[in-house]
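Down below is the structure, laid out as structure tokens.
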Protein chains: 2
Amino acid sequence: MKSTNLYKGSLVTIILKLLNEHDKMYGYEITQKVKEITKNELQLTEGALYPALHKLKAKGLLDVEISRIGNRVRKYYRLTEAGTKETVDKLAELESYIKNMRALVNPKFRGE
Amino acid sequence: MKSTNLYKGSLVTIILKLLNEHDKMYGYEITQKVKEITKNELQLTEGALYPALHKLKAKGLLDVEISRIGNRVRKYYRLTEAGTKETVDKLAELESYIKNMRALVNPKFRGE
DNA sequence: TTATTATGCATAATTTTCTTATATATTACT
DNA sequence: AGTAATATATAAGAAAATTATGCATAATAA
């Protein structure tokens, strides 16, 4: 992530969730979607994104479909069944993390 | 962090916030406080905690006060003025991060 | 009384996950 | 013609953890 360089470990969750929502996406599209949703506050770096996509593919969580737009190559990624399951887990993990951080940082949120 | 090994970068925020709240604390006390607040869901590892404390000290964000309880050594840390300022920044950063993650992960939270 | 658990700090080696920099190529805009 | 946007990729390095040790004191359980 760029500009606000924050909280390593959340990139995979972002990728999985966006793919879960949009069926298939290519790398550059993901970077633009993140910029759009976060109003430029979060910017994915290619150096993090592409290796992450390759790793998710290698783990069997994503499938790739190569497409050509004119002479330009695009690689569309989509969730496999295992990827969909992993998405559920990662989202639960994120909610749990946010809940814990809120409790730590805001005494109001403690002990509910 | 242990068990839920998640979101590198938030340890410093946790330390600063707890010190902001409790005036002075020692390392082990911080680990126990985090376990207590998060009901054992987050556990700090010493291998992360102590180097982080030393680094914050080196940066001038913390002061140390060595105390002896019987024959056992304790190192109490407290925020410096710069540390208090940094705490404000880190907390704002966390809120911003949570806001962005919520928007990414939950379409309901987009565009407000 | 002796072994285990809890308290308390610390560092080294390794791993994970980023950033930064670089590379290449196509297409659109000025 | 030159720059910006589109599109993917990898290598080098930094940051921030985990894991594995190590040492020592105090309290508790067997």
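Below, all heavy atoms of this structure are taken into account, side chains as well, without hydrogens, waters or symmetry copies.
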May I have the distance from Arg68(B) (atom CZ) to dC9(C) (atom P), rounded to whole angstrom?
-> 12 Å
Gap between atoms CD and C1', on Glu46(B) and dA24(D) respectively (whole Å) | 14 Å
Find the distance Gln32(B):CD to dG8(C):P and express it as a whole number of Å.
-> 8 Å
Is Arg72(B) touching bases, backbone alone, or none of the nucleic acid, heavy atoms closer than 4.0 Å?
-> base
Using whole Å, report how far CG of Leu49(B) lies from P of dT11(C).
-> 12 Å
Below 4.0 angstrom from OP1 or OP2 of dG8(C), is there any side-chain N or O of Tyr26(B)?
-> yes
Under 4.0 Å between a side-chain N or O of His54(A) and OP1 or OP2 of dT8(D)?
-> no
Give a yes/no answer on whether the side chain of Tyr50(B) brings an N or O atom under 4.0 Å of OP1 or OP2 in dA10(C).
-> no
May I ask you to verify whether the side chain of Lys8(A) and the base of dA15(D) hold a donor-acceptor pair under 3.5 Å?
-> yes
Phosphate OP1/OP2 of dT16(C): any Lys55(A) side-chain N/O under 4.0 Å = no
Euclidean distance, atom OH of residue Tyr97(B) to atom C1' of dC18(C) [Å, nearest integer] = 13 Å
Quick one: which of dT20(C), dC9(C), dT11(C) gets closest to the side chain of Thr45(A)?
-> dT20(C)
Is it true that Lys99(A) and Glu41(B) make a salt bridge, defined as a side-chain N closer than 4.0 Å to a carboxylate O?
-> yes
Distance-only side-chain donor-acceptor flag, Arg74(A) / Tyr76(A), under 3.5 Å = yes
Taking all non-hydrogen atoms of both residues, which atom of Arg110(A) and which atom of Ala103(A) are closest, and how far apart?
-> NE-O, 2.7 Å
5'-most by nearest nucleotide on DNA chain C - Val73(B) or Gly47(B) = Val73(B)
Whole Å only: how far is the CD atom of Glu36(B) from the P atom of dA6(C)?
-> 16 Å
Quick check: does any side chain N or O of Asn100(A) sit under 3.5 Å from a backbone N or O of Ser96(A), one acting as donor and the other as acceptor?
-> yes
Ile69(A) CD1 - dA28(C) P separation (whole Å) | 11 Å
Closest to the Lys75(A) side chain: dA6(C), dC18(C), dA9(D)?
-> dA9(D)
Whole-Å distance, Lys33(A) NZ to dT6(D) C1', equals 17 Å
Closest to side chain of Tyr28(A), choosing from dT8(D), dG8(C), dA10(C) | dT8(D)
Is it the case that one hydrophobic cluster holds both Val64(B) and Met25(B), taking links as side-chain heavy atoms less than 4.5 Å apart, direct or via other members?
-> yes
